[in-house]
Amino acid sequence: MSEELLRQVKVNGSVPAHVAIIMDGNGRWARERALPRPFGHKAGMKAVREVVEGALAAGVEVLTLFAFSQENWQRPADEIGALMDLLQEYIAREMSELKAQGVSVRFLGDLERLSPGARAAIDRLMTHTAEGGRLALNICISYGSRAELARAARLLAEDAVAGRLDPAEITEEAVTRRLYTAAWPDPDLLIRTSGEFRLSNFLLWQLAYAELYVTPVLWPDFSRKQLFEALLAYQRRDRRFGKVSA
Ligand code: IPE
Ligand code: IPE
Ligand code: MG
């Protein structure tokens with residue numbers, strides 16, 4: 001079933017080079033089963049594996065996942081603790097497979113706020129997979145887009161004060177180069193699960209011309225099949241970038 005969808009994606013061509021996903025709905029998935037919220041987060045790890053495999057199969061080049069926002073630090077301490085434990089579990093379990101698949105993993109966000117153990121695990125995974133050339137996987141953790149933009153402004157001001165940058169040269173390009181995502185083109189497609197129609201402070205600059213796809217499916221139920229359906233929906237869109245259609 002999902003293989004037939006994949007075949008259609010390939011026949012259509014023009015697979016989005018960069019897909020971003022707001023992985024939402026873990027808590028509701030757990031609540032539907034009368035389980036504590038961390039069970040939903042744990043179930044969500046399988047969906048991460050599914051989308052990484054689906055992205056590799058479809059030929060997506062960059063996959064950027066929103067895993068934990070700056071605002072999520074305001075959640076109860078036990079939920080945050082469970083999420084940080086899961087992060088380390090994910091890294092321990094997936095590291096060799098990700099490397100074997102040719103995935104290079106980067107973590108984007110204010111990583112200083114993470115525990116020393118989580119930071120060490122993140123550094124290990126980034127170093128271990130740095131050579132991967134098939135898929136760039138960005139995991140946004142402790143990430144907020146406004147904070148990222150304020151940081152870019154700070155970096156620009158530092159360069160200007162030091163005489164390395166003429167304020168007249170502060171272009172869109174100069175801002176883009178100082179974002180966490182500087183190395184990658186903007187996302188072509190943004191997927192949000194769990195039926196919420198909002199950005200929740202995710203990639204506000206980078207999503208300027210992304211196609212938006214919202215599905216009611218809760219993140220733990222998201223699979224290769226749902227990813228391929230999103231890619232097919234994307235392939236039916238007419239991207240105009242403000243111009244008129246060809
Ligand atoms: C997304 O699921 C995961 C994180 C934000 C960490 P939620 O935990 O937001 O799940 P809901 O939205 O409450 O269902
Ligand atoms: C956005 O989901 C953040 C992540 C998926 C990591 P939230 O569940 O935190 O967003 P809101 O609160 O519904 O906007
Ligand atoms: Mg949520």
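Quick caveat, the model's predicted, so the values are computed rather than measured. Counting starts at 1 for both ligands and their atoms, following the listed order.
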S194 near ligand 1 by a heavy-atom separation under 4.0 Å: no
Check each of R192, E71, Q74 against atom 10 (O) of ligand 2 and report the one with the nearest heavy atom. R192
shortest atom 14 (O) of ligand 2-to-protein heavy-atom contact is with S200 OG, 2.6 Å
With heavy-atom distances below 4.0 Å as the criterion, list the atoms of ligand 1 near R28. 11 (P), 12 (O), 14 (O)
Kindly say whether R146 contributes a backbone atom to a donor-acceptor pair with the side chain of N201 at under 3.5 angstrom? yes
Note: ligand 2 atoms sitting under 4.0 Å from heavy atoms of F68 are 6 (C)
Ligand 2 contacted by R75 (non-hydrogen, < 4.0 Å): yes
Go through ligand 2 atom by atom and flag the ones less than 4.0 Å from a non-hydrogen atom of A67. 6 (C)
Q70, portion touching ligand 2 at heavy-atom distance under 4.0 Å: neither
Which residue holds the protein heavy atom closest to atom 9 (O) of ligand 2, what is that atom called, and what is the gap in Å? N72 ND2, 2.9 Å
Between F202 and ligand 2, which residue portion shows a heavy-atom distance shorter than 4.0 Å: side chain, backbone, both, or neither? neither
Starting from atom 1 (C) of ligand 1, what is the nearest protein heavy atom, named by residue and atom, and what distance separates them? M23 O, 3.0 Å
L218 contact mode with ligand 1 (heavy-atom cut-off under 4.0 Å): neither
What do you reckon, are the aromatic ring centroids of F66 and Y143 less than 6.0 Å apart? yes
Can you pull out the closest protein heavy atom to atom 2 (O) of ligand 1? Residue, atom name and distance to 0.1 Å, please. N26 N, 3.2 Å
Is there a chain of hydrophobic side chains (I, L, V, M, F, W, Y, each step under 4.5 Å between heavy atoms) that links L108 to I191? no
Decide yes or no on side chain to side chain contact (heavy atoms under 4.5 Å, CB included) for V48 and M23, but give the supporting numbers first. CA-CA 9 Å; V48 174; M23 310 186 291; 3.9 Å; yes
Test item: Y180 and R151 side chains (from C-beta on) under 4.5 Å apart, heavy atoms: yes
Quick check: are there more than 12 heavy atoms from other residues, nucleotides or ligands sitting under 6.0 Å from CD of E131? no
Enumerated ligand 2 atoms positioned under 4.0 Å from heavy atoms of R198: 11 (P), 13 (O), 14 (O)
R237 side-chain N/O to L212 backbone N/O, donor-acceptor pair under 3.5 Å: yes
Here the gap from L137 atom CG to T64 atom OG1, rounded to the nearest 0.5 Å, amounts to 8.0 Å
Under a 3.5 Å cutoff, is there a donor and acceptor pairing between the side chains of T176 and W205? yes
H41 near ligand 1, heavy-atom distance under 4.0 Å? yes
Got a second to check how far R49's CZ is from E97's CD, nearest 0.5 Å? 9.0 Å
Donor-acceptor contact below 3.5 Å, side chain R31 vs main chain R37: no
Going by the 4.0 angstrom heavy-atom rule, the piece of E196 near ligand 1 is neither
Checking distances from the Mg ion (ligand 3), one finds that the N, O or S atom of D24 closest to it is OD1
